[in-house]
Amino acid sequence: QVQLVESGGGLVQPGGSLRLSCAASGSILVIYTMGWYRQAPGKQRELVATINISNSTYYADAVKGRFTISRDNAKDTVWLQMNSLNPEETAIYYCNADLVMTIPRTTAIYWGQGTKVTVSS
């Protein structure tokens, strides 16, 4: 089994910053891609950013220039640095990992439980 545990959410004022963390653990051989998604109240889950094993990144247009995704392959951990946050970005932020498990030797996609980010004055 594999677990993804997010942390770092909370309340922040508009224009403020937060840094989210997600640590994967369990029967992991390799993690190809890790990503962050978010789901605002009443809206569909949307992609925020991804980073692959070679550290190539992708950002949604809405967050380019403000958010930075990074990872530590040795620690199976991914971070999301979020700057200049606005109230419309209030959401549950979810971590995602596309990986190969050791036992059984199979590919799988896992999700974390989510961490709440509230942007409000």
Side-chain angles (χ1 to χ4, degrees):
Q1 282 293 341
V2 173
Q3 290 185 328
L4 272 63
V5 179
E6 300 108 330
S7 61
L11 174 64
V12 62
Q13 291 188 340
S17 299
L18 277 178
R19 189 182 191 222
L20 306 182
S21 299
C22 172
S25 63
S27 303
I28 300 170
L29 179 63
V30 63
I31 302 178
Y32 292 128
T33 302
M34 302 188 81
W36 288 95
Y37 291 71
R38 64 188 179 189
Q39 187 166 17
K43 295 187 177 181
Q44 290 187 330
R45 190 173 298 188
E46 63 177 1
L47 173 65
V48 176
T50 62
I51 184 167
N52 69 15
I53 197 168
S54 300
N55 285 320
S56 294
T57 58
Y58 168 85
Y59 296 94
D61 287 343
V63 307
K64 282 181 181 177
R66 298 185 298 117
F67 289 14
T68 302
I69 189 170
S70 59
R71 68 185 282 179
D72 183 330
N73 292 333
K75 297 181 179 179
D76 289 335
T77 300
V78 63
W79 296 272
L80 184 68
Q81 176 67 42
M82 305 186 295
N83 299 328
S84 302
L85 285 160
N86 60 69
E88 291 71 35
E89 295 177 306
T90 293
I92 306 295
Y93 284 70
Y94 296 92
C95 174
N96 161 284
D98 181 2
L99 54 86
V100 178
M101 297 177 63
T102 52
I103 300 174
R105 188 63 61 89
T106 184
T107 58
I109 295 176
Y110 279 86
W111 292 86
Q113 81 288 350
T115 185
K116 187 173 183 180
V117 172
T118 302
V119 185
S120 175
S121 56

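As a basis for the values below, the full set of heavy atoms in this structure was taken, side chains included, without hydrogen atoms, waters or symmetry mates. Predicted model, so just to flag it, every value in this text is computed and none were measured.
Formation of a donor-acceptor pair under 3.5 Å by the Arg71 side chain with backbone atoms of Asn52 is found in this model. With hydrogens and angles ignored, the 3.5 Å screen pairs no side-chain donor or acceptor of Gln81 with any backbone N or O of Thr68. Remark: the backbone N or O of Gln13 is not paired with any side-chain donor or acceptor of Ser121 at under 3.5 angstrom. In this structure, Thr106 contributes its side chain and Pro104 its backbone to no donor-acceptor pair below 3.5 Å. For Asn96 (side chain) and Ile109 (main-chain N/O), no donor-acceptor pair under 3.5 Å exists by modelled atom type. No donor-acceptor distance shorter than 3.5 angstrom exists from the side chain of Gln113 to the backbone of Val5, with no hydrogens or angles considered. Of the possible donor and acceptor atoms, none in the side chain of Glu46 sits under 3.5 Å from a partner among the backbone N and O of Arg38.
The two residues Thr50 and Thr33 have their closest heavy-atom pair at CB-CG2, 4.0 Å. The two atoms that bring Ala24 and Ile28 nearest to each other are CB-CD1, 3.7 Å, heavy atoms only. Contact between Ala62 and Glu89 at its shortest, heavy atoms only, is O-OE2, 4.5 Å. Smallest separation of non-hydrogen atoms from Leu47 and Ala60: O-CB, 3.5 Å. Scanning all heavy atoms of the two residues, the minimum distance from Ser120 to Pro14 falls at C-CD, 3.6 Å. In plain terms, the two heavy atoms of Cys95 and Leu4 that are nearest each other are SG-CD2, 3.5 Å.
To the nearest 0.5 Å, atom CE of residue Met82 and atom CZ of residue Arg19 are 11.5 Å apart. Distance CD/Glu6 to CD1/Ile92: 9.5 Å, rounded to 0.5 Å. Here CG of Asp76 is found 4.0 Å from CD1 of Ile31. Values are rounded to the nearest 0.5 Å. Taking OG1 of Thr107 as the reference point, atom CG of Leu29 lies at 11.5 Å (rounded to 0.5 Å). Rounding to the nearest 0.5 Å places CD of Gln3 at 11.0 Å from SG of Cys22. The distance from atom OG of Ser56 to atom CD1 of Ile69, rounded to the nearest 0.5 Å, is 11.5 Å.
Aromatic ring centres of Trp111 and Tyr37: separated by under 6.0 Å.
Neither Tyr110 nor Tyr32 shares a network with the other; the hydrophobic side chains, linked directly or stepwise wherever heavy atoms of I, L, V, M, F, W or Y lie under 4.5 Å apart, form separate groups for each. Hydrophobic clustering of Ile, Leu, Val, Met, Phe, Trp and Tyr side chains at less than 4.5 Å, counting indirect connections, keeps Tyr94 apart from Val78. A single hydrophobic cluster is seen to contain both Phe67 and Val12, as judged by linkage of ILVMFWY side chains at heavy-atom distances under 4.5 Å, directly or through other members.
Exactly one of Asp72, Leu20, Ile51 qualifies for a side-chain contact (heavy atoms from CB on, under 4.5 Å) with Trp79. That residue is Asp72.
Between Tyr59 and Arg66, every side-chain heavy-atom pair lies at or beyond the 4.5 Å cut-off.
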